[in-house]
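Before any comments, here is the structure.
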Amino acid sequence: AVKASFNGEDYSRVHQMILASQRDDFMRKEPMDDHLFIDGFRTLSHHIGDISHYSHIPTTQHKAKRLIELMKSWFIAIEIAQLGSIPSQKFSPKRYLYDIGILRSYRELSIPKISLKNTIHELERTPLGGLIENAICLSLLARSNGVLPITGWKKDKKHPIEVDFIVKNRDGSALPVEVKASIRAQDKHTRSLCAYADRHAPPIAVLVSLDRLQQLNVYRKTKIVNIP
């Protein structure tokens with residue numbers, strides 16, 4: 001698909017061929033309703049960056065749960081647990097896709113095409129955030145080599161305050177990472193990182209945005225930096 005795009009060809013056809021091949025292999029080994037694989041792919045694509053529920057997939061909860069588990073075992077989907085500050089706090093997970101090219105194709109079926117540079121309005125950039133968040137998830141997984149655990153963090157059920165990724169380091173410390181599709185990093189983008197710092201006081205917290213590499217501030221004892 002990258003080669004086709006570079007050559008000015010229709011890369012969406014390559015995406016369709018890749019997805020059709022994945023579907024055929026999947027359906028040969030995992031008998032289920034023909035439409036479920038595509039429905040699952042479409043549903044996950046539309047909810048990237050949001051909390052994911054089995055009820056989002058148009059089938060029974062039993063079939064949806066089995067489909068998601070199979071997509072995880074086939075390295076099609078990634079599930080990131082959302083935890084609280086105490087072990088007993090667990091929330092619905094977020095799910096991402098390994099193939100960000102096909103993800104983008106499905107996202108653009110339900111939203112207008114948007115530009116990284118030219119779409120300025122923050123609300124119009126919201127769907128772009130899911131794509132960037134998915135890309136960061138893949139980068140963090142590559143960094144951890146699949147060994148170090150990656151979760152999300154949520155303050156509690158009453159407050160919609162969450163940090164996209166918490167990466168556990170080998171020394172036991174945690175690195176909170178928040179992803180924004182913003183062109184300029186602002187104080188409001190660090191609120192969830194500050195809420196996490198209130199509870200856990202990590203030495204460093206990371207905001208990923210389209211702004212330049214810089215230290216944004218120091219909250220209590222936590223240095224907050226922006227990485228483009």
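Evaluation of the salt bridge (charged side-chain N to carboxylate O under 4.0 Å, His left out) rule for K63 yields D33 as partners, not counting sequence neighbours. Legend: residues meeting ring pair (Phe, Tyr, Trp, His ring centres under 6.0 Å) with Y196, ordered by chain and number and at least two apart, are W153, H200.
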Report task. Using the side-chain contact (heavy atoms from CB on, under 4.5 Å) rule, take F37 and E30 through it: C-alpha gap first, then chi angles, then the decisive distance, then the call. Result -> CA-CA 10 Å; F37 180 82; E30 312 291 352; over 6 Å; no
Report task. Apply side-chain contact (heavy atoms from CB on, under 4.5 Å) to the pair K155 and R199, showing each step before the final yes or no. Result -> CA-CA 9 Å; K155 184 175 180 180; R199 302 284 183 93; 3.4 Å; yes
Requested in this report: Given side-chain contact (heavy atoms from CB on, under 4.5 Å), test I78 with L138 step by step and report yes or no.
Outcome: CA-CA 9 Å; I78 308 158; L138 294 176; 3.5 Å; yes
Query raised in the report: Would I102 and L97 satisfy side-chain contact (heavy atoms from CB on, under 4.5 Å), going step by step from the backbone distance to the final call?
Result: CA-CA 9 Å; I102 295 178; L97 294 171; over 6 Å; no
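For the pair T43 (side chain) and D39 (backbone), a donor-acceptor distance under 3.5 Å is present. With hydrogens and angles disregarded, a donor-acceptor distance shorter than 3.5 Å links the side chain of T190 to the backbone of D187. Within the 3.5 Å criterion, the main-chain N or O of I48 finds no donor-acceptor partner in the side chain of S52. Formation of a donor-acceptor pair under 3.5 Å by the N169 side chain with backbone atoms of D171 is not found in this model. Between the Q82 side chain and the I80 main chain, a donor and an acceptor come within less than 3.5 Å of each other. The backbone N or O of M17 lies less than 3.5 Å from no partner atom in the side chain of S21, so there is not a single donor-acceptor pair.
Distance CG/D99 to CG/L103: 8.5 Å, rounded to 0.5 Å. Rounding to the nearest 0.5 Å places CD1 of I166 at 10.5 Å from CD1 of I150. Atom CD1 of I224 sits about 13.0 Å away from atom NE2 of H189, to the nearest 0.5 Å. Note: Q186 CD to K180 NZ = 11.0 Å, rounded to the nearest 0.5 Å. Atoms OG and CZ, on S45 and R104 in that order, are 13.0 Å from each other to the nearest 0.5 Å. For the atom pair CD1 of I68 and CD of E79, the computed distance is 7.5 Å after rounding to the nearest 0.5 Å.
The aromatic ring centres of F41 and F26 sit 6.0 Å or more apart.
Two different hydrophobic clusters hold I161 and F165 under the rule that ILVMFWY side chains link at heavy-atom gaps under 4.5 Å. The hydrophobic cluster containing L36 also contains L44, counting ILVMFWY residues as joined when their side-chain heavy atoms lie under 4.5 angstrom apart, directly or transitively. When hydrophobic clusters are built by joining Ile, Leu, Val, Met, Phe, Trp and Tyr residues whose side-chain heavy atoms come closer than 4.5 Å, directly or via intermediates, I51 is not grouped with L83. Transitive grouping of hydrophobic side chains (ILVMFWY, heavy atoms separated by less than 4.5 Å) brings I132 and L140 into a common cluster. When hydrophobic clusters are built by joining Ile, Leu, Val, Met, Phe, Trp and Tyr residues whose side-chain heavy atoms come closer than 4.5 Å, directly or via intermediates, L19 is grouped together with I76.
The aromatic rings of Y98 and F75 stand perpendicular to each other, their planes meeting at an angle above 60°, with 30° marking the opposite boundary.
Within 6.0 Å of CG on D24 lie more than 12 heavy atoms contributed by other residues, nucleotides or ligands. Heavy-atom neighbours of M27 CE from other residues, nucleotides or ligands within 6.0 Å: above the threshold of 12. Enclosure of atom CD in Q214 by more than 12 non-hydrogen atoms of other residues, nucleotides or ligands within 6.0 angstrom is indicated.
Within the 4.5 Å cutoff, side-chain heavy atoms of Y219 are placed close to those of D198.
Counted by atom type alone, S209 and D211 present zero donor-acceptor pairs between their side chains at under 3.5 Å.
Nearest heavy-atom pair, P31 versus R66, reported as atom, atom and distance to 0.1 Å: O-NH1, 3.6 Å. Residues V163 and S192 approach most closely at CG2-O, 3.5 Å, considering heavy atoms. In terms of heavy atoms, V218 sits closest to K221 at CG1-C, 4.5 Å. Here the shortest heavy-atom pairing between A185 and L216 reads CB-CD2, 3.9 Å. Among all heavy-atom pairs drawn from P93 and A81, the shortest one is CB-CA, 4.4 Å.
In summary, E69 and K72 engage in a salt bridge, as defined by a charged side-chain N under 4.0 Å from a carboxylate O.
Each of T151, D164, D50, N134 was checked for a side-chain hydrogen bond (donor to acceptor under 3.5 Å, both in side chains) with K94, and the lone residue meeting it is D164.
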